[in-house]
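Below is one structure, written out as structure tokens, with a few remarks after it.
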2 protein chains.
Amino acid sequence: MARSSTRPTSRDVAQAAGVSQAAVSLVLGDKWRGRVSETTAERVREAARDLGYRPNLAARNLRLGHTRTVLLVVPALTTEFFAGVYTGAARVAADHGFGVVLYPSPEGIGPARDPFASAQAALDGVIASSMAADALTAIRGDQLPLVMLDSDPSGSLGAATVNLDIADGIRQVATHLLDLGHRHFLHLAADVPSWTFEVRARELAARLAAVPGTTVRTAHAPISIDGALTAAEAALAAPGPRPTALVCDDDKLAAGAYKAARRLGLRVPDDLSVTGLDDLALATALDPELTTVRLDAELFGERGMQALLAVLEDRTPDAGDIPVELVVRGSTAPPRPS
Amino acid sequence: MARSSTRPTSRDVAQAAGVSQAAVSLVLGDKWRGRVSETTAERVREAARDLGYRPNLAARNLRLGHTRTVLLVVPALTTEFFAGVYTGAARVAADHGFGVVLYPSPEGIGPARDPFASAQAALDGVIASSMAADALTAIRGDQLPLVMLDSDPSGSLGAATVNLDIADGIRQVATHLLDLGHRHFLHLAADVPSWTFEVRARELAARLAAVPGTTVRTAHAPISIDGALTAAEAALAAPGPRPTALVCDDDKLAAGAYKAARRLGLRVPDDLSVTGLDDLALATALDPELTTVRLDAELFGERGMQALLAVLEDRTPDAGDIPVELVVRGSTAPPRPS
DNA sequence: GAGTCGAGGTTATACGTATTACTTGGAGGC
DNA sequence: GCCTCCAAGTAATACGTATAACCTCGACTC
């Protein structure tokens, strides 16, 4: 009563319940099976409730030597994709008594900060998207258990990796467009150094190379609608035979491509077929709705967390890429006979 | 060397440098001005570097009694708006040696979890969006310093509030549409109990009531493109005089409204003017581009963090709503003479 | 009726850090 | 030559928790 300004400790609860601090810890930690009588246990719980007791996490973490908290490092949160990843990871984490703290990679938050300075929380492990490039070096410095999302399985310093089967997605896109009769392609690629984008480029090139008579050009753009607009407009207006199919590295780029097409007086899909990748809400907001590759963000997050749990328990994480699915909508059609 | 499996402590560093643990703490804490010689300090720093020493946050937090970490509670991360809020808050936080941990309100993460169970990090304070309704009760339980974002200043239990001047934004929208000549309105409102949406409804009604001869109907929709599509389609197809202006509670709803209009064969803006609120990237991805209200998300986050810092230091937070700005684009035009 | 055992606790301790209070070996003052 | 004082450290301690080790007392066994 006297010191109501400071938070109550387990000792305060003990005193209020007339027991030792150890008893409080046992009861509240649910480890009192044959150690404390039911009546005393109830007395302790009541005292804790009355005082509004909340255990001091810092003390607990120090004592336990772990925090049951992991960090999820993502690139900018400008689409709902990583929100889904977080949701999946958090769900699995919660099932195992873990918490997930989100760290959106800096980019304007200040002079290239250490993620751990920002998320001061003491951590047990890290899940990092390969797109959050700025943070990677800082992360590598630490010795924390690490799972990499969407990154080169052979080059990740031994860290476990969990990947979406982007290669298959691109293959499906290419096959779909080839089946429609397209032969002249433009690849609108993300201007970001990340394995996940390299895969797209490599796989598209490989798939198209298998079909004689195809051509493919590449334009690079920052991942934003305006950036894509500029790059796509320039590429589409370039001299030479105009491509009839535009394969975009993600849905946002596709949205920019739509605007570029409008500016140039090209109709989607009559004059130009467009594809995306992600299946964001944006994909169906566009007119016509976008043919794209659906990624299961939540499953991605779940698998990432499961892999990290495996690493933490010295088990081998499950292997195998996460399947993706082509969603055909109105933005792709056969090329018009020229 | 012997126990390389466990992380080095400040005592290990001390031993390596041939000094006491206290000296290590002083040097690394930058409090050694007249306490330790320059040469010993350098020796300590070198030892710390060699061992890869990282201070144990849990221990430090316990000792210090605070964590310099605050929690930012937001609703779903499905738009970039709260990413901006985070960016602003994190920037200000970093300038003051604070970290920000993001907690996206549950919604499917599991059985209505306590935010503090998820973000296990020990916290010094909380900034919460009023839209993250599920988390509010849990938060209220704690005695942490609290700043509410976009919530009723008179009803926030004494917590400090930081608000965008949404009322003014809606007034600008209404005035813009009235000036164009519109008299028959449909309000597509978010189906979420939150002060920020109540303000929109109240202010729109008030502004329109001031002009004789205006009518306004209201349709409610969940904040998603599909939800808005359904609700808007039903409302627009309802009997009675068709509204010529559709005021949406946010840009996402507006995107759904576009789709509803297309389905009904209405052209934007010729048959129907549409407005949004947020100015997301989505707004310019739509065709025609959306007339909307620009919110400065980063400034919002900055002000939120500044307010929390003020509360933590027993100062009075700055008052005053954050100004917003109407952005007129192609989705609004005079009504066609009927 | 001595020994055993388990229920129902308590006492003591360590986790790693930051900081306060103390120590010590000179150098300088007079 | 003695006192003072400062530079350069060190020893000790507390933060709040979880848990291992210990204690005590009554009921039962044989």
Side-chain angles (χ1 to χ4, degrees), chain A residues 3 5-45 47-48 51-69 97 116 120-124, chain B residues 3 5-45 47-48 51-69 97 116 120-124:
Chain A
R3 47 206 211 113
S5 69
T6 179
R7 274 174 55 155
T9 74
S10 63
R11 215 174 303 271
D12 295 331
V13 175
Q15 193 169 357
V19 296
S20 72
Q21 179 266 332
V24 173
S25 184
L26 289 172
V27 170
L28 267 34
D30 222 33
K31 296 211 151 50
W32 56 284
R33 335 228 174 185
R35 317 280 317 260
V36 176
S37 74
E38 173 61 50
T39 59
T40 349
E42 185 48 35
R43 200 148 34 93
V44 168
R45 282 189 286 256
L51 294 180
Y53 170 73
R54 289 219 161 224
N56 179 319
L57 274 318
R60 170 180 297 176
N61 291 342
L62 174 57
R63 171 69 230 246
L64 257 28
H66 63 242
T67 61
R68 312 229 120 202
T69 299
F116 305 105
Q120 309 238 12
L123 303 170
D124 283 356
Chain B
R3 47 204 212 116
S5 69
T6 179
R7 275 175 55 157
T9 74
S10 63
R11 216 174 303 272
D12 296 330
V13 175
Q15 192 169 357
V19 297
S20 71
Q21 179 266 332
V24 173
S25 184
L26 288 172
V27 170
L28 267 35
D30 222 34
K31 296 213 150 50
W32 56 283
R33 329 205 189 199
R35 317 280 315 261
V36 177
S37 73
E38 173 61 50
T39 59
T40 350
E42 186 48 37
R43 200 149 32 93
V44 167
R45 280 189 287 256
L51 294 180
Y53 169 72
R54 288 218 162 225
N56 179 317
L57 275 316
R60 170 180 296 176
N61 291 342
L62 175 58
R63 172 67 231 242
L64 257 27
H66 63 243
T67 61
R68 312 229 120 204
T69 299
F116 306 105
Q120 309 239 11
L123 303 170
D124 282 355

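Sequence lines set the chain letters: A, B, ... in the order given, protein chains first and strands last, and positions in each chain run from 1. Values below: all heavy atoms of this structure, side chains included; hydrogens, waters and symmetry mates excluded. These numbers come from a predicted model, not from an experiment.
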Within the structure shown, what part of the strands sits under 4.0 Å from B/S25 by heavy-atom distance: base, sugar-phosphate, or nothing?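 Base: the residue B/S25, judged by heavy atoms under 4.0 Å, touches a nucleobase.
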B/S37 near the nucleic acid: base, sugar-phosphate alone, or nothing, with a heavy-atom cut-off under 4.0 Å?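 The answer is sugar-phosphate, as B/S37 gets under 4.0 Å only of primed atoms, P, OP1 or OP2.
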Between atom [atom1] in [X] and atom [atom2] in [N], what is the gap in whole Å?
| X | N | atom1 | atom2 | result |
| --- | --- | --- | --- | --- |
| B/W32 | D/dT10 | CH2 | C1' | 18 Å |
| B/R33 | D/dG9 | CZ | P | 17 Å |
| B/L62 | C/dC15 | CG | C1' | 9 Å |
| B/Q15 | D/dG9 | CD | P | 18 Å |
| B/Y53 | C/dG16 | OH | C1' | 7 Å |
| B/R60 | C/dT19 | CZ | C1' | 13 Å |
| A/N61 | D/dT17 | CG | P | 12 Å |
| B/R63 | D/dC15 | CZ | P | 9 Å |

Is there a side-chain contact between A/E38 and A/W32 (heavy atoms, below 4.5 Å)?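 The answer is yes, as the side chains (C-beta and beyond) meet within the 4.5 Å cut-off.
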Would a 4.5 Å heavy-atom cut-off, applied to side chains only, mark B/R43 and B/V19 as touching?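 A side-chain contact under 4.5 Å exists here.
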Of the nucleotides [options], which has the atom closest to the [X] side chain?
| X | options | result |
| --- | --- | --- |
| B/Q21 | C/dT19, C/dT10, D/dG9 | C/dT19 |
| B/R35 | D/dG9, C/dT10, D/dA14 | D/dG9 |
| A/K31 | D/dG16, C/dT17, D/dT19 | D/dT19 |

Let me know, please, whether B/L64 or B/L26 comes out on the 5' side of the other along DNA chain D by nearest nucleotide.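 So the residue in question is B/L26.
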Considering heavy-atom distances to DNA chain D, does B/R43 or A/R11 have its closest nucleotide positioned more toward the 5' end?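 Result: B/R43.
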As an exercise, state the distance from [atom1] of [X] to [atom2] of [Y], rounded to the nearest 0.5 Å.
| X | Y | atom1 | atom2 | answer |
| --- | --- | --- | --- | --- |
| B/R60 | B/R68 | CZ | CZ | 11.0 Å |
| A/R45 | A/L28 | CZ | CG | 8.5 Å |
| A/R35 | A/T40 | CZ | OG1 | 12.5 Å |

Are any of A/S20's side-chain N or O atoms less than 4.0 Å away from OP1 or OP2 of C/dT10?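 For A/S20, the contact criterion (side-chain N or O under 4.0 Å from OP1 or OP2 of C/dT10) is met.
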Nearest nucleotide by nearest heavy atom, which residue falls closer to the 5' end of DNA chain C, B/N56 or A/A22?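 Its nearest nucleotide being more 5', the pick is A/A22.
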